[in-house]
Asker: 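So that we are looking at the same thing, I have put the structure below in structure tokens.
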Amino acid sequence: MMMEQFRHSGDFLAFTLANPNGLAPCQFELGSGVTVEIWDTGVICFQPAQAARQHIILSCGVHGNETAPIELCAAIVQDILQGHLTPTERVLVLFANPAAINLGRREVTENLNRLFSGHHSKGAGLINAERQRAQALEQYVTRFYEGAPANEPRCLYDLHTAIRGSRFEKFAVYPFLHGKPWRKQQLQFLAACDVHTVLMMQTPASTFSYYASHSHGADAFTIELGKVQPFGQNDMSRFAQADNALRALITNRLLAPKPFAAEDFHLYEVYRAINKQTQDFKLHFADDVQNFTSYPLGSLLATDGDLEYRVEREGEALIFPNAKVAIGQRAMLMVVPTDIQHNLI
Ligand SMILES: [Zn+2]
């Protein structure tokens, strides 16, 4: 696809996927006065005509086969470019891994969402496209927030779909805040997106959302919007609430949320991570078990050589189980319900 076709169609996703290795930066203005800046393939920034108050990053396609958020973001960008939606806030939309999207795969060589906060340059260094892209995405996020006054709200919503089904279809991961309080207003925004289950992390991570939170002070979340489906096979009605809330956010039309009530949420914290230690690691439940499934106390969850892992806490639930990870990596995360009222503002 050429520039001229793109300007006609407003299909930035198609323009990106036709040029997965890079796009020459360019800038133009829409009839609404919104300035559009293309920074790279999959990287497009919107600057409203009037001064903005919020600095919002929407990210999708960190995992290339997670199509629903990619379609959702592509439609938002197209509606802006065609004048159907006029952002009042500064917005950066990221299609994070175009090469993997083209392949219809989660990743080309490495999980992009394990490479942020400098992890891209550790070990063997910038040896593959995902490592280089992680570094470039950090630079784009930095550039975007450098254009934001320190006292104005900044957020990043990194949109995903999970590999497996979930007892709670949609859920969000709230990165570790190093003791700073969790924010009710953000939980209320998640609820507006129809996300009522939130996992509060207690340790640093190499994810995109932790990077934005820790390095830039953004309200940042990884949001799992449902189960992976191929392009065109998503039932977009399931994402309508998230779509509406994101469109309202960037046009400053969010309705006042109802007062915060803890009972509107399922809040979890990590109890333990189970790492694979030997080639004999084995999960003792069905392959298609849903995220947030829990079993009775004492139930056998996994064995690893002579080690046995059993349910130790009432309500302990499993997420992201994967026996195929490399030795030393996390094979599953065990979480427990939590009450964070004491550390909420
Ligand atoms: Zn993902």
Side-chain angles (χ1 to χ4, degrees), residues 13 16-17 20 42 57-74 93-117 119-120 128-131 133-134 137-138 141 156-175 190 193-195 197-199 201 205-213 220-231 233-236 238-239 242-243 246 268 270 273 288-292 318-326 329-333 335:
L13 175 60
T16 286
L17 296 183
I57 300 180
L58 304 181
S59 139
C60 64
V62 164
H63 296 133
N65 61 344
E66 297 178 2
T67 53
I70 299 169
E71 292 179 67
L72 188 155
C73 288
V93 182
L94 302 172
F95 298 88
N97 196 344
I101 299 172
N102 273 338
L103 291 172
R105 292 204 333 232
R106 181 175 172 81
E107 61 208 35
V108 179
T109 46
E110 201 172 351
N111 183 352
L112 180 57
N113 214 19
R114 296 284 176 276
L115 294 174
F116 292 95
S117 298
H119 286 262
H120 47 71
N128 60 46
E130 267 123 359
R131 286 176 172 239
R133 184 68 169 173
L137 290 170
E138 288 184 0
V141 170
L156 179 144
Y157 301 110
D158 184 32
L159 307 175
H160 289 248
T161 51
I163 302 170
R164 58 184 60 244
S166 177
R167 217 177 117 211
F168 309 111
E169 187 193 37
K170 301 177 174 70
F171 62 96
V173 178
Y174 205 147
L190 294 175
C193 292
D194 197 27
V195 175
T197 303
V198 186
L199 173 60
M201 301 302 285
S206 46
T207 60
F208 200 21
S209 61
Y210 175 81
Y211 166 73
S213 170
F221 295 84
T222 307
I223 303 180
E224 303 279 354
L225 286 174
K227 198 179 167 189
V228 168
Q229 306 287 352
F231 267 120
Q233 292 182 30
N234 292 298
D235 173 3
M236 294 307 280
R238 303 183 87 94
F239 309 104
D243 187 37
L246 292 168
Y268 286 90
V270 177
D288 60 352
V289 69
Q290 296 190 324
N291 281 324
F292 294 99
L318 61 89
I319 52 173
F320 307 131
N322 184 357
K324 292 185 193 131
V325 295
Q329 297 226 314
R330 185 185 82 199
M332 116 176 115
L333 209 52
V335 300

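Order of listing sets the numbers, starting from 1, for every ligand and every atom in it. Keep in mind it's a predicted model, so treat the numbers as computed, not measured.
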Asker: Restricting to N, O or S atoms, which atom of H63 is closest to the Zn ion (ligand 1)?
Answerer: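 That would be atom ND1.
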Asker: Establish, from distance only, whether the side-chain atoms of S166 and N291 form a donor-acceptor pair under 3.5 Å.
Answerer: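 No pair is found: no donor N or O on one side chain lies under 3.5 Å from an acceptor on the other.
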Asker: If we ignore angles and hydrogens, is there a donor and acceptor under 3.5 Å between the side chains of N97 and E130?
Answerer: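 Indeed, the side chains of N97 and E130 share at least one donor-acceptor pair under 3.5 Å.
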Asker: Parallel under 30°, tilted from 30 to 60°, perpendicular over 60°: which one fits the rings of F208 and F116?
Answerer: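 The rings of F208 and F116 lie parallel, inter-plane angle below 30°.
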Asker: With the Zn ion (ligand 1) as the reference point, give the N/O/S atom of H160 that is nearest.
Answerer: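 Result for H160 and the Zn ion (ligand 1): ND1.
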Asker: Closer than 2.8 Å to the Zn ion (ligand 1): does that hold for any N, O or S atom in E66?
Answerer: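 Given the 2.8 Å cut-off, E66 counts as a ligand of the Zn ion (ligand 1).
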Asker: Go through K227 and E169 one step at a time and tell me if the salt bridge (charged side-chain N to carboxylate O under 4.0 Å, His left out) criterion holds.
Answerer: CA-CA 8 Å; K227 198 179 167 189; E169 187 193 37; over 6 Å; no
